[in-house]
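Here is the naming used below: chain letters follow the sequence lines, and residue numbers restart at 1 for every chain. Computed over heavy atoms, backbone and side chain alike; hydrogens, waters and symmetry mates excluded.
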Number of protein chains: 2
Amino acid sequence: MNLHRNPSLTTLPVSPDLDTPAAVTVLDVARAAGVSPSTVSRILNGTARVAADKRAAVEAAIAKLNFRPNLFARSLKTGTTMTVGIVTQDVESPFYGRAMKGIEEGLSGSGYAPIIVSGHWNAKEEAERVELLMARRIDGLIILTGHLSDEQVRAFALHQPVVATGRQVDGPQLRSCQLDQEMGGYLATRHLINLGHRRIAHITGPQDHDDAQQRLAGYRRALQEAGLAADAALVVQGDFMESGGLMAMSRLIDSGESFTAVFAANDQSAYGARMALYRRGVRVPDDVSVVGFDDLPASAYLTPPLTTVRQPIYEVGLYAARTLLGLMGHPVEPITLPPMELVVRETTRRL
Amino acid sequence: MNLHRNPSLTTLPVSPDLDTPAAVTVLDVARAAGVSPSTVSRILNGTARVAADKRAAVEAAIAKLNFRPNLFARSLKTGTTMTVGIVTQDVESPFYGRAMKGIEEGLSGSGYAPIIVSGHWNAKEEAERVELLMARRIDGLIILTGHLSDEQVRAFALHQPVVATGRQVDGPQLRSCQLDQEMGGYLATRHLINLGHRRIAHITGPQDHDDAQQRLAGYRRALQEAGLAADAALVVQGDFMESGGLMAMSRLIDSGESFTAVFAANDQSAYGARMALYRRGVRVPDDVSVVGFDDLPASAYLTPPLTTVRQPIYEVGLYAARTLLGLMGHPVEPITLPPMELVVRETTRRL
DNA sequence: CTGTTAGCGCCTTCAT
DNA sequence: ATGAAGGCGCTAACAG
């Protein structure tokens, strides 16, 4: 269904005349203040010097009439919309929620309003949403990871400034940032190895998810570096969700493989894995050590609190917002992203 | 800082001419198709019948030129913006995240895009954000609970249709919905009573939060109905966050009051309380039973899984979106909200 | 069925 | 320092 501008769809009993009580325009203000519209505009935008008395009159009129400039008329004229598009993957994701918060903070006070769409980890849907955003003439675009190809992202950057996270693409109007996922995976696994673990399982993320592949690579590197064999039977497929982690761990236990530790590709998987362990009466960390990835707010409140790799995702959001402001022509203090960091809590123990 | 339209702030090295490659307009399309702009407009909006050959020519031209109508020009003309404002309290909240998802779903395919702002549980900030939204001439507004007074909400509804959750206000352009929080609190407490508990503590939400007060009222009603004294020493102040729950439970334990169960005003508080219990070596549910409120996605993955009251918050989002579409003149199938529901998992036991 | 005309509200030369 | 005039891209009468 597309309700968009279909006049036949006007039905509900809505009092017709209550909306927008005859919007007041620059012209109204000008008349009330006894000046021309141009003068009002100049005061609004600080475009030129205006005599103090007229300025006062205009400001009084603005206040009295409660005038609000129509952003759309302005946009039409200036070509700028004061709106930035944000592509997230899932409005409900606690991880991207934190990135959103960083973006919100980074944009605050800039006059730019974010409009958010979700790609749901689907390249096609994601591209459609971006088209939708672009139809609204956004001034800038932030793409939070996702499945778009670098070429697509580059193509989008032809139309407006773009900041993309979780990838390495740059161009005239294109900036990106990427956290070292491989290092994160390495850190997590290395921690387990240092604790004396030798049989370390891994619950992966989705196969088509680049970050997940990187974490897996880090896991393998740590293993190899320690001279440990990479046992394929110890790597089980998850999906970044609690249910996937639960099933992965259940399968692993059922397989009969022995292991003393597991590194889950994200915290949500770790929650699921921990539940599977709990269901089987396997104690954490006494029998099995668990390491997650992301450091979600809830992870510190698991019992026992989850050892995990902290991604500075809030800062990524901040960085994306600030960088975009820069691309849009506003000077900003640069942000440097803190590195991945191992947060040792209580789900791991020395063997 | 307000970067908005301050020409002095143009600095960063951005290639100047890459943006919006000379936007194509209806006029271009009309010329390419050998018709008038009005005909193009009519085809775009289905406003009138157009001869098949011209339609084909226009559609071909649109495709060839990759034409996208400028929504702002359209808005200027029609007074409609095809965007709705959403006031949430915290983009990072897992609870409101789920509501957002419902709204997203409810709006999908309608042509309306949501633009989201956060009030951060602060009436003043909330009002400011709404003003900001209104400056953008949104076609409709959804207010997710928050601290605005009913009068303020009513005032906003003078300018455009409004749907507000967590309160009971209605008017010509105003709809609201309210879940029975008191009943939820009653259900949670009643469950504990039925299990044989007599000394039941409560961790409250913020004092200025209406929902929290309602849940407390439900707690008291269940107690009273069962002939149990409401011991003020058993009611401790939380703040709907994990840390608040943790501190509240710590204080309770330190107070030396005896209790066998606790009802936390939301799941996040329950997580914190559970952690405090864990720190003191108090077993759940063996020594103390715990009930939460909300049923966050993570709650099923606590160890043990959390017994809680499920709020149909996703459906609330859906309801808000659909109702708003209705107010904006689009017929929608009405949604009925499911009731609050006790979800018994494993943090409560019979005494 | 289709083209012509006239703005929507604002900003920006261009004069003064 | 200020006003008049034109136009951003689109749609909605009004003619034909």
Roughly how many Å is it from [atom1] in [X] to [atom2] in [N], rounded to a whole number?
X       : N      : atom1 : atom2 : value
A:Asp28 : C:dC8  : CG    : P     : 11 Å
A:Leu76 : C:dT12 : CG    : C1'   : 14 Å
B:Leu71 : D:dC8  : CG    : C1'   : 15 Å
B:Leu27 : C:dT4  : CG    : P     : 11 Å
B:Arg31 : C:dG3  : CZ    : P     : 14 Å
A:Arg68 : C:dC10 : CZ    : C1'   : 17 Å
A:Arg74 : C:dG9  : CZ    : C1'   : 11 Å
A:Ile43 : C:dC10 : CD1   : C1'   : 15 Å

Residues [X] and [Y] bridged, charged N to O under 4.0 Å:
X        : Y        : answer
B:Glu105 : B:Lys101 : no
A:Arg129 : A:Glu126 : no
B:Arg175 : B:Asp170 : no

So, does B:Asn45 use its side chain to make a donor-acceptor pair with the main chain of B:Thr47 at under 3.5 Å? no

Quick check against the 3.5 Å criterion: does B:Gln173 have a side-chain atom that pairs as donor or acceptor with the backbone of B:Ala157? yes

Is it true that A:Ser118 and A:Asp90 share a donor-acceptor pair across their side chains at a distance under 3.5 Å? no

Letter per nucleotide, 5' to 3', of nucleotides 1-7 of chain D [B base touched, S only sugar-phosphate touched, - untouched; heavy atoms, 4.0 Å]: SBBBBBB

For the residue pair A:Ser176 and A:Val163, establish whether any side-chain heavy-atom pair is separated by less than 4.5 Å. no

By nearest atom, which of the nucleotides C:dC10, D:dA12, D:dC10 is closest to the B:Phe67 side chain? D:dC10

If you only use heavy atoms from C-beta on, which nucleotide in C:dT12, C:dG9, D:dG9 is closest to the side chain of A:Thr25? C:dG9

Taking five pairs at each end, how big is the angle between the two axes of the helix from C:dC1-D:dG16 to C:dT16-D:dA1, to 10°? 40°

Can I get a per-line list of side-chain donor-acceptor pairs under 3.5 Å for residues 52-72 of chain B, giving both atom names and the distance, sequence neighbours left out?
residue, atom, partner, partner atom, Å
B:Arg68, NH2, A:Glu131, OE1, 3.0
B:Asn70, OD1, B:Phe72, N, 2.7
B:Asn70, OD1, B:Ala73, N, 3.2

Phosphate oxygens OP1/OP2 of D:dC8: is one of them under 4.0 Å from a side-chain N or O of B:Asn70? no

Partner of A:Leu141 by side-chain contact (heavy atoms from CB on, under 4.5 Å), out of A:Leu324, A:Leu174, A:Val87: A:Val87

